Amino acid sequence: MARPAPDAPRPTAAAVLDDAVRSLAPDTDANRLVARIEEGAAPRSVFATLALEQHHVISADRVSFQHLARRADGDPPVADFFDLLAQGEALAMKQLAGLADACELSEREIAAYQPRPGCQAYPSYAARLALGGEPTDVAIALTANFAAWGRCCAVVETAMRDRYAFPEEACGFFGFFAGPSPDVGERARAAVQHGLDTGQAEPATAHRYGRLLQAYELMFWNSVAEAD
């Protein structure tokens, strides 16, 4: 009589997140703006546009993360992850002020600015996920996107200093996202492990979310490139 096959090992949160980051990594050659900034070939005006667009992105994402935290109220590790992200958006908004000041943007200009649809597709989809996506799957998708976003921010931060001679306070926004955050990484693993342990996590669904997030983020960068 054949012996039953042993159960397959259960995936760990670290393995699920590493797979998402690797599988969903975007084609860096498709990002027209970051390459131009790295070379110093983009006009200085793109930084004002980035500041103006990010003002809307950050405001929207903070609300989305707060809503995801409330939806995950019965799953503390997941709620903690999104609470931390919402707090991070508040800090990012403070850092963004340094870039806006360096670009000589007035409060009136910021308030009157009309954002570009291509730049706001990302936070619009994030809001959709906040309304109906399984929070653990959204955590997986966001973690993959944060890795790609962070790499872009690191390139932009370096170029702002080396190519465009921006002051340190202007570089703080991109520097804030340039390196991986140990706290965010730790809470992401805790959230995803909770999702795996409770059967809430569906990595295949998370990858579908993640592919769209990556595509919309690319649209953000390229929409700025087309405008300037």
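It should be emphasised that the depicted structure is a prediction, and the values quoted were computed from it without experimental measurement.
- Only one option out of V192, T143, V138 pairs with F81 in a side chain to side chain contact (heavy atoms under 4.5 Å, CB included); it is T143.
- A distance-only check finds a donor-acceptor pair linking the side chain of Q214 to the backbone of L24 [under 3.5 Å].
- With hydrogens and angles disregarded, a donor-acceptor distance shorter than 3.5 Å links the side chain of R187 to the backbone of D80.
- Judged by distance alone, with hydrogens and angles left aside, the side-chain atoms of E53 form a donor-acceptor pair with the main-chain N or O of R116 at under 3.5 Å.
- In this structure, the side chain of D137 engages the main chain of E202 through a donor-acceptor pair within 3.5 Å.
- Placement of V78 and V184 within a single hydrophobic cluster is found when ILVMFWY residues are connected by side-chain heavy-atom separations under 4.5 Å, directly or transitively.
- Of the N and O atoms on the side chains of Q193 and D197, at least one donor lies less than 3.5 Å from an acceptor on the other residue.
- Smallest separation of non-hydrogen atoms from A20 and I140: CB-CG2, 3.7 Å.
- Atom CG of residue L212 and atom NE2 of residue H207 lie 13.0 Å apart, to the nearest 0.5 angstrom.
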> Given the rule in the side chain to side chain contact (heavy atoms under 4.5 Å, CB included) test, do L68 and R71 qualify, once you have shown the distances and angles that lead to the verdict?
Replying inline: CA-CA 5 Å; L68 281 158; R71 287 184 57 213; 4.0 Å; yes

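- Distance alone, capped at 3.5 Å, is enough to place a donor-acceptor pair between the R163 side chain and the E38 backbone.
- Contact annotation: the side chain of V224 never approaches that of F47 to less than 4.5 Å [non-hydrogen atoms, C-beta and beyond].
- Each of W221, Y125, Y209 was compared with Y216 under the ring-ring contact (aromatic ring centres under 6.0 Å, His included) criterion, and only Y125 meets it.
- Of all heavy-atom pairs between V21 and A147, the closest is CG1-CB, 3.9 Å.
- In the model, D61 has no side-chain atom that pairs as donor or acceptor with a side-chain atom of Y122 under 3.5 Å.
- Here the side chain of E186 pairs no donor or acceptor atom with the backbone of D183 at under 3.5 angstrom.
- The aromatic rings of Y113 and H56 sit tilted relative to each other, their planes meeting at an angle between 30° and 60°.
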>> Let's go through E217 and L213 carefully: what are the C-alpha distance in whole Å and the side-chain angles of both, what is the deciding distance for side chain to side chain contact (heavy atoms under 4.5 Å, CB included) to 0.1 Å, and is it a yes or a no?
In response: CA-CA 6 Å; E217 186 192 311; L213 283 174; over 6 Å; no

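- In the model, D19 has a side-chain atom that pairs as donor or acceptor with a side-chain atom of S23 under 3.5 Å.
- Among all heavy-atom pairs drawn from V16 and P203, the shortest one is CG1-CG, 4.2 Å.
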> After noting the C-alpha distance and the side-chain angles of Q200 and D75, does the key distance pass the side chain to side chain contact (heavy atoms under 4.5 Å, CB included) rule?
Replying inline: CA-CA 10 Å; Q200 297 176 71; D75 300 289; 3.2 Å; yes

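- Scanning all heavy atoms of the two residues, the minimum distance from R44 to A165 falls at NH2-O, 4.5 Å.
- Atom CG of D27 has more than 12 neighbouring heavy atoms from other residues, nucleotides or ligands inside a 6.0 Å radius.
- Two different hydrophobic clusters hold M219 and V156 under the rule that ILVMFWY side chains link at heavy-atom gaps under 4.5 Å.
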>> Could you go through V155 and I37, starting from their C-alpha distance and side-chain angles, then the distance that decides it, and tell me whether this counts as side chain to side chain contact (heavy atoms under 4.5 Å, CB included)?
In response: CA-CA 8 Å; V155 172; I37 290 175; 5.8 Å; no

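- Atoms OG and CG, from S64 and L85 in turn, are 11.0 Å apart once rounded to the nearest 0.5 Å.
- Aromatic ring orientation, F174 versus W149: tilted (interplanar angle from 30° to 60°).
- Connection of L129 to F65 is established within a shared hydrophobic cluster, with ILVMFWY side chains joined at heavy-atom distances below 4.5 Å, either directly or through further cluster members.
- The shortest distance between side-chain heavy atoms of F220 and V57 falls below 4.5 Å.
- Residues R32 and E226 are paired through a salt bridge, judged by an N-O separation under 4.0 Å between the basic side chain and the carboxylate.
- Atom-to-atom distance recorded for S59:OG and L96:CG is 9.0 Å, nearest 0.5 angstrom.
- Closest approach of A48 to C103, counting heavy atoms only: N-SG, 3.5 Å.
- Note on L91: it clusters hydrophobically with M93, by side-chain heavy-atom contacts below 4.5 Å among ILVMFWY residues.
- Using a 30° and 60° split on the angle between ring planes, F173 and F177 fall in the perpendicular class, above 60°.
- With rounding to the nearest 0.5 angstrom, the CZ atom of R36 is 11.0 Å from the CG atom of N31.
- Atom OG of residue S106 and atom CG of residue D101 lie 10.5 Å apart, to the nearest 0.5 angstrom.
- Here OG of S181 is found 6.5 Å from CG of L84. Values are rounded to the nearest 0.5 Å.
- L17 and L142 are assigned to two separate hydrophobic clusters, defined by single-linkage of ILVMFWY side chains at heavy-atom distances under 4.5 Å.
- We find that E168 and R161 are joined by a salt bridge, their nearest charged nitrogen and carboxylate oxygen being less than 4.0 Å apart.
- Looking at every heavy atom in both residues, G210 comes nearest to A141 through N-CB, 3.5 Å.
- At least one donor-acceptor pair under 3.5 Å links the side chain of N222 to the backbone N or O of A30.
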